[in-house]
Amino acid sequence: MNNLPVHQAIAVGASKHPHKGKNVFSYGTAGIRCRADILDPVLYRLGLLVVLRSRAVRATIGVVITASHNPEQDNGAKVVEPMGEMLLQTWEGYATQIANTSDEDLGQCVQSLISELNIDMALPANIFLARDTRPSSFGLAQALIDGIQALKGDYIDYGLLSTPQLHYMVRCQNTQGGYGNPTEHGYYSKLASAFTKVREQQSETDESEYTGELSVDGANGIGALKIQQMCQHLNNQLKISVYNDGTHGQLNDRCGADFVKVQQKPPHGMPTEEAGRKCVSLDGDADRIVYYFVDSDGVFHLLDGDKIATLIAGYIQELLTAANLQLNMGLVQTAYANGSSTQYATDVLKVPVACACTGVKHLHHRAQDFDVGVYFEANGHGTVLFSALATEKINSASQDERLSSDQRQAATTLKYLQDLINETVGDAISDMLVVECILHAKGWTMTDWNAAYTDLPNRQLKVKVKDRRVIQTTNAERCATTPAGLQEAIDGIVSKYNNARSFVRPSGTEDIVRIYAEADTQVAADSLAYEVATKVYHLADGVGDPPAQPSSS
Ligand code: G16
């Protein structure tokens with residue numbers, strides 16, 4: 001621990017982590033993210049910031065060093081709030097500010113934040129940190145630690161963890177164990193015990209075609225390691241084979257949840273030919289999951305975040321009805337949600353649907369408006385939130401002798417299901433266990449689950465432009481307000497297709513503009529996406545080769 005005055009300690013650290021001032025950093029959709037080789041000074045500065053945040057809220061704050069779905073050469077950091085949520089928006093601004101501050105101005109920047117936010121620097125500060133498997137993560141963790149120590153913060157370095165595991169640790173710590181034990185073992189035993197208890201409540205019928213056999217694509221990342229550890233706690237209740245476990249391929253290289261979702265095809269490195277075989281892909285920090293299978297005709301079927309969300313919402317609704325519990329449940333999606341899923345949720349499940357901007361931080365907050373808020377992005381990132389009222393009602397119904405045993409059993413199942421859900425943030429491992437419980441309860445195969453509704457054909461493309469900030473959007477990102485003429489052009493293109501929809505938005509994790517299109521056929525969705533991408537390329541200063549027409553399968 002250093003004994004230097006604040007200014008001096010910051011300067012000493014800054015000299016070890018010099019800011020070249022050539023790049024502009026911003027705290028985007030999920031933290032700071034860019035090429036790993038320029039991040040060292042940013043992580044040092046973030047170390048300073050999280051100490052301030054910890055003192056400001058008088059609680060433990062978390063940092064995960066990861067760039068999730070991005071390629072291995074990238075890296076980044078996600079800051080975790082005391083209850084396991086994403087960093088508060090006003091502090092995202094401070095993070096962006098400090099990340100771009102030169103070595104000379106750094107002491108003054110920190111001092112201004114201390115005064116402006118009235119932070120008592122005599123208070124203790126406590127930081128939990130963890131990292132993914134990227135080779136650059138280890139060194140960046142050291143830069144973060146140097147920042148923490150410069151402001152005399154304490155820290156626990158958990159080493160390799162999935163992002164949702166670190167979110168869980170932070171919440172456990174700040175609830176003094178109320179949410180569980182802040183250890184990796186605590187995480188696995190909480191989930192394994194809840195999984196077993198939910199399944200004990202469910203009776204399996206003779207006609208059940210459910211199988212607990214799964215192939216898992218670990219994206220060559222942290223999820224592969226952690227799911228194997230989870231398996232050791234499940235007493236063979238699931239038979240999991242892990243592929244892309246990091247021993248051969250590169251992180252996220254032609255595998256992982258993002259690849260499978262965007263390319264709409266199986267990952268490399270995992271056998272998927274067996275008809276009906278249940279397959280899942282995790283992303284690079286294991287906070288996203290998608291399911292898929294190949295049918296007997298060799299056709300690939302993707303069950304993405306929308307299918308997972310509607311499965312979970314439908315099941316919770318059945319349990320609420322069976323337990324005679326009146327709680328208001330809602331589903332939160334983004335503009336990427338397939339039109340068929342929104343229609344199914346609204347018309348069949350009769351669950352109200354809200355649309356939020358991309359980024360689980362936005363969905364999470366919107367989901368808090370409901371007693372039971374199910375939120376999922378189509379890319380497989382999501383979870384379920386239970387309000388204090390919902391938790392209380394479910395708990396008391398599970399013990400209420402005045403209710404019928406069926407009603408009590410439904411409430412008890414809900415109670416254990418809540419324990420199985422990682423409410424802090426989307427968690428691929430927890431989400432997978434929840435889905436497996438629901439499929440088990442229903443006795444469903446992948447084909448049964450997939451039959452709930454049919455996705456509208458869709459396509460996602462990326463366009464590289466000079467400065468993606470020229471594209472601004474409104475109406476939960478469904479409408480572009482700049483550059484001039486872009487939205488009118490998109491509207492004109494969309495009107496030529498049937499049952500079509502398209503929008504564009506700048507990514508907050510990659511240096512690209514994302515294009516989404518859906519229409520009545522795959523050929524139409526591909527052509528629509530291509531036309532819109534070409535328009536973006538021309539109106540927003542595209543760089544490199546113009547977009548290529550996707551080849552429809
Ligand atoms: C992050 C966010 C997700 C978001 C995704 C893509 O995921 O947590 O909510 O959907 O980025 O964001 P964008 O379209 O702005 O690039 P992850 O898994 O990469 O952390």
Side-chain angles (χ1 to χ4, degrees), residues 26-34 62-72 74-81 84-87 89 92 130-132 134 137 161-167 218-219 221-223 251-252 255-262 281-290 304-306 308-309 332-337 355-367 375-383 422 424-429 431 460-465 468-469 471-473 476-478 503-516:
S26 75
Y27 201 98
T29 309
I32 288 183
R33 208 174 282 193
C34 60
V63 185
V64 194
I65 295 165
T66 181
S68 189
H69 75 273
N70 292 47
E72 189 162 291
D74 288 356
N75 216 325
K78 299 178 174 181
V79 177
V80 181
E81 287 277 299
E85 292 157 345
M86 306 277 190
L87 183 62
Q89 214 160 352
E92 290 186 0
R131 61 190 152 87
D132 70 11
R134 281 162 214 268
S137 292
L161 282 187
S162 74
T163 293
Q165 284 180 321
L166 200 267
H167 283 250
I222 191 80
L251 178 68
N252 296 330
C255 61
D258 202 64
F259 174 88
V260 173
K261 168 67 183 160
V262 174
S281 281
L282 317 182
D283 74 337
D285 64 343
D287 57 9
R288 299 196 214 167
I289 184 166
V290 293
D304 61 5
D306 298 336
I308 297 173
V332 187
Q333 303 184 310
T334 69
Y336 291 103
C355 185
C357 289
T358 301
V360 278
K361 59 188 179 189
H362 299 297
L363 287 94
H364 193 96
H365 288 128
R366 188 69 186 79
Y375 74 81
F376 262 90
E377 294 185 299
N379 62 24
H381 203 169
T383 188
N422 185 344
T424 64
V425 76
D427 180 337
I429 294 179
D431 288 339
Q460 278 189 54
L461 294 178
K462 300 176 183 183
V463 176
K464 191 135 178 60
V465 299
R468 66 197 201 271
R469 287 170 302 180
I471 299 206
Q472 288 180 5
T473 63
E477 302 176 317
R478 290 170 290 196
F503 66 90
V504 304
R505 54 173 286 278
S507 162
T509 60
E510 297 174 62
D511 189 13
I512 43 121
V513 176
R514 294 197 197 279
I515 318 295
Y516 178 83

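Keep in mind that this is a model prediction, so the values were computed, not measured. We count residues from 1, following the sequence as given. Atoms within each ligand, like the ligands themselves, are counted from 1 in listed order.
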Donor on one side chain, acceptor on other, Asp427 and Thr383, under 3.5 Å: no
His69: numbered ligand 1 atoms lying under 4.0 Å from its heavy atoms: 17 (P), 19 (O)
Ligand-side contact atoms (ligand 1) for residue partner Asp283, heavy atom cut-off under 4.0 Å: 18 (O)
Nearest-neighbour protein heavy atom for atom 5 (C) of ligand 1, which is reported as residue plus atom name and distance: Arg288 NH2, 3.6 Å
Residue selection (non-hydrogen contact nearest atom 9 (O) of ligand 1) among Glu377, Met86, Arg33: Glu377
Which residue and heavy atom of the protein sit nearest atom 12 (O) of ligand 1, plus the separation: Thr29 CG2, 3.6 Å
Numbering as shown, the atoms of ligand 1 that approach Lys78 to under 4.0 Å (heavy-atom distance): 20 (O)
Any Arg505 heavy atom less than 4.0 Å from ligand 1: yes
Closest protein heavy atom (residue, atom, distance) for atom 8 (O) of ligand 1: His381 CE1, 3.2 Å
Nearest-option assignment for atom 11 (O) of ligand 1, heavy atoms, candidates Thr334, Asp287, Val360, Thr509: Thr509
For atom 2 (C) of ligand 1, the protein heavy atom that lies nearest, with its residue and separation: Ala30 CB, 3.7 Å
Shortest protein heavy-atom distance from atom 18 (O) of ligand 1, along with the residue and atom involved: Ser68 OG, 2.6 Å
